[in-house]
**Student:** 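The structure that follows is given in the form of structure tokens.
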2 protein chains.
Amino acid sequence: MSNLKQLAQSLGLSITTVSRALDGYPDVSQATRERVREAAALTGYRPNASARRLRKQRAELVAVTLPSDPGHIGPPHFLDMLSGCAEHLATAGLNLVIAPVPRGESELDMCRRFVDGQRVDAMLLVRTKRRDERVEFLQARGIPFVTNGRTESVLPHPYLDGDGFAGFQAASLRFHADGHRRIAHIAGPQDYYFAHVRCMGWQAAMEESGLSSELCAEGAPTEQGGYLAALELLRHPRRPTAIVCATDEMAIGALRALREIEGGETISIVGHDDLPTGAYTSPPLSTMRMAGENLGRSFATLLLRAIAGEPSEELQELHPIEFVDRESHRRAPPNA
Amino acid sequence: MSNLKQLAQSLGLSITTVSRALDGYPDVSQATRERVREAAALTGYRPNASARRLRKQRAELVAVTLPSDPGHIGPPHFLDMLSGCAEHLATAGLNLVIAPVPRGESELDMCRRFVDGQRVDAMLLVRTKRRDERVEFLQARGIPFVTNGRTESVLPHPYLDGDGFAGFQAASLRFHADGHRRIAHIAGPQDYYFAHVRCMGWQAAMEESGLSSELCAEGAPTEQGGYLAALELLRHPRRPTAIVCATDEMAIGALRALREIEGGETISIVGHDDLPTGAYTSPPLSTMRMAGENLGRSFATLLLRAIAGEPSEELQELHPIEFVDRESHRRAPPNA
DNA sequence: CTTGAACTCCAAAACGTTTTGGTTCATAGT
DNA sequence: ACTATGAACCAAAACGTTTTGGAGTTCAAG
């Protein structure tokens, strides 16, 4: 409703002076500044966002694309993460818009729409693939962005990721140390970076321990996917005594499979993500999670620094994975 | 990068014609229209969002405020809901921005900032209170909005809500029909509309059945809140044989309390929200949820209609509550 | 008395659209 | 031959800021 012109008129000042007074420039006298601020507070004046954005050539917006296929949206923590990110972005005057990708449209189209329309100053990408077309597009366009998860892009780009390799290697070695000798892996789709790297971590541990890495089944990153993959593994003539699952959701599916199979209750299992639900499964699901609190804030910081033009190499955070000790990883004596 | 002027110049047309060609106005010849569209597609031109917004006096944005206190953000479904809402809003050219409320700031301030800065065309409010200052503010300002949950506002406003009264009444009567005679309620903070109305539903059922409604304990809408409330109820000389909980989270806390108390495993319980976790508790938690699929889309539709100026009275959706039959509500013979 | 600096303030331009109110030209009607 | 009618196009204004490049004072120094 109210704009600069009205406010200026009512104060007998020019819009220039009022604008500069509100922004705290030193070429406005103390007295005027206070008078202006008071009037602004009184009338609840705030500069029109679109006008400022147009003039300053900044969108004051960051978009995060949400894959719409269910089960791919990530753990419940995800909203908390977004919330934390948005909260910290807001301190820099940026807002976070969520951009779910409609069925039939690619995430790339989504990016294009935001970027070409100059609707955003930066983008946040989740669920990276090893070769990620969104990353390539944004790199080519020179738009700042941060990914949740690494990629195999040759050009460096800002990311925040957990060290899935180390985490899964450690988890697998832990099983080995507990005496397990047939350790399986339930893998997610290998075009996702996180799924691939977790598989690699398990494989490295197998090699390191001199164990076979034949016990690997890939499935959709869902409860059902985990269930089916587990059934496949359990059909193996020498079935595993322990299973390392790419995600908690898959692990929960695997637990369901174990419940249906004779002797299944003796098989140990571990997941990743620390889903709240995992605390209530039977047995409670041992799992892993990225270390660090308020990851959303970290994302926001990276985004702001990327927007400020810091080089990508300095905007890469690899967080260690920490183990969440519950019960499912020590279900039975491994002397089978 | 590219703007109308450049595009027009390269085509030997005026920016007016180019703009109108892209928008499909009839006062541009078929031939020109196609030529323009082709060139636009080729260069990837899209109108600058800020400029259009300024000119059209629309922000093309809808904000949803997220309470930042953990445990108040709602079930995991919530992100799916937001995602569905954003997806449908996008078909109308609107984007959804998430606006978490920083500690130390009120949700009202948040609204003020968005509204006064003309940053949004409408707002989506969640977790309404019986007397909700955000609602009053937006009503006074004449800004379109939709709430998730009703309020006691005298002026009607658009909302989408579940019929908590009927749901909790039915759940309580179901316990009565099963033979229970000491039916307790674990209530959420009564300034929240949903918590209040659920409590009223339970109370109505108690009256209707000629039972006492003394077995009521209020707690924070968290696992811990439910736990503490349950302990309080269990200290009662004539303890309940069944408990109706305001939320699943509280119900899960109550289950924890029951586990710690002798005979607790005979007490039936039911929650509300259909949290995924509830399927894995022991016993699996019977619960309720709002009927209807893709509620996010419903929110979006309501928002769009509110923006279009439809009267509030026609923008009120009260969805029935459906029962989710698992195990926790029939744990033991109620002949105690 | 002049000069220069310091302090306030402001007019005008620019950001990139959309829309208004035309103009020009050709064609059809009288 | 003159006037309507319609088709195709366009110049200019407007949206509300921020920023640039001064202009007008005042005051101290020379």
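Just so it is clear, the model here is predicted, and its values are computed rather than measured.
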**Student:** Please list, pair by pair, any protein nitrogen or oxygen found under 3.5 Å from a nitrogen or oxygen in nucleotides 4-10 of chain D.
**Tutor:**
| residue | atom | partner | partner atom | Å |
| --- | --- | --- | --- | --- |
| D:dC9 | OP1 | B:Thr32 | OG1 | 3.1 |
| D:dC9 | OP2 | B:Ser29 | N | 3.2 |
| D:dC9 | OP2 | B:Ser29 | OG | 3.2 |
| D:dC9 | OP2 | B:Thr32 | OG1 | 2.7 |
| D:dC9 | N4 | B:Asp27 | OD2 | 3.4 |
| D:dC10 | OP2 | B:Ser14 | N | 2.9 |
| D:dC10 | OP2 | B:Ser14 | OG | 3.3 |
| D:dC10 | OP2 | B:Thr17 | OG1 | 2.9 |

**Student:** Please report the distance, rounded to the nearest Å, between CG in A:Asp116 and C1' in C:dG16.
**Tutor:**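 It is 16 Å, rounded to the nearest whole Å.
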**Student:** Which whole-number value in Å describes the distance from A:Gln118 CD to C:dC15 C1'?
**Tutor:**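 After rounding, the gap between these two atoms is 11 Å.
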**Student:** Can a donor-acceptor pair be found, under 3.5 Å and without considering hydrogens, that links the side chain of A:Asp121 to the backbone of A:Arg58?
**Tutor:** no
**Student:** Round to a whole Å and report the spacing from CG of B:Asn3 to C1' of C:dT18.
**Tutor:**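 Atom CG in B:Asn3 sits about 15 Å away from atom C1' in C:dT18.
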**Student:** What residues from residues 52-61 of chain A pass a heavy-atom cutoff of under 4.0 Å to DNA chain D?
**Tutor:** A:Arg52, A:Arg55, A:Lys56
**Student:** Can you tell me the distance, in whole Å, between the CG atom of A:Leu4 and the P atom of C:dA11?
**Tutor:** 13 Å
**Student:** Within a strict 4.5 Å, meaning less than it, do heavy atoms of the B:Phe114 and B:Thr65 side chains meet?
**Tutor:**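 In short, these two side chains do not touch, never coming nearer than 4.5 Å.
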**Student:** Write down the distance between NZ (A:Lys5) and P (C:dA11), rounded to a whole number of angstrom.
**Tutor:** 12 Å
**Student:** Within the pair A:Tyr25 and C:dT8, is there a side-chain N or O less than 4.0 Å away from OP1 or OP2?
**Tutor:**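 Result: no.
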**Student:** When you measure from the centre of the six-membered ring of B:Phe137, is the NZ or CZ of B:Arg112 under 6.0 Å away and within 45° of the axis?
**Tutor:**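 Yes, a cation-pi geometry.
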**Student:** When you compare the side chain of B:Leu160 with that of B:Gln316, does any pair of heavy atoms fall below 4.5 Å?
**Tutor:**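 Side chain of B:Gln316 against side chain of B:Leu160, heavy atoms only: no contact under 4.5 Å found.
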**Student:** Checking A:Asp23 now: which residues fulfil side-chain hydrogen bond (donor to acceptor under 3.5 Å, both in side chains) with it, not counting sequence neighbours?
**Tutor:**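 If we apply the side-chain hydrogen bond (donor to acceptor under 3.5 Å, both in side chains) test to A:Asp23, skipping adjacent residues, there are no hits.
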**Student:** Do B:Arg130's NZ or CZ and the ring of B:Tyr193 fall within the cation-pi criteria of under 6.0 Å and 45°?
**Tutor:** no
**Student:** Rounded to whole angstroms, how far apart are CZ on B:Arg46 and P on C:dG16?
**Tutor:** 18 Å
**Student:** Is B:Glu87 salt-bridged to B:Arg297, cutoff N-O under 4.0 Å?
**Tutor:**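 Salt bridge between B:Glu87 and B:Arg297, a charged N being under 4.0 Å from a carboxylate O: no.
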**Student:** Any heavy-atom pair between the side chains of A:Leu11 and A:Arg35 that's under 4.5 Å?
**Tutor:** yes
**Student:** Rounded to the Å, how far apart are A:Gln9 CD and D:dG16 P?
**Tutor:**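 Between P of D:dG16 and CD of A:Gln9: 13 Å.
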**Student:** If you measure from the Lys or Arg side-chain nitrogens to the Asp or Glu carboxylate oxygens, is any gap between B:Arg113 and B:Glu105 under 4.0 Å?
**Tutor:** yes
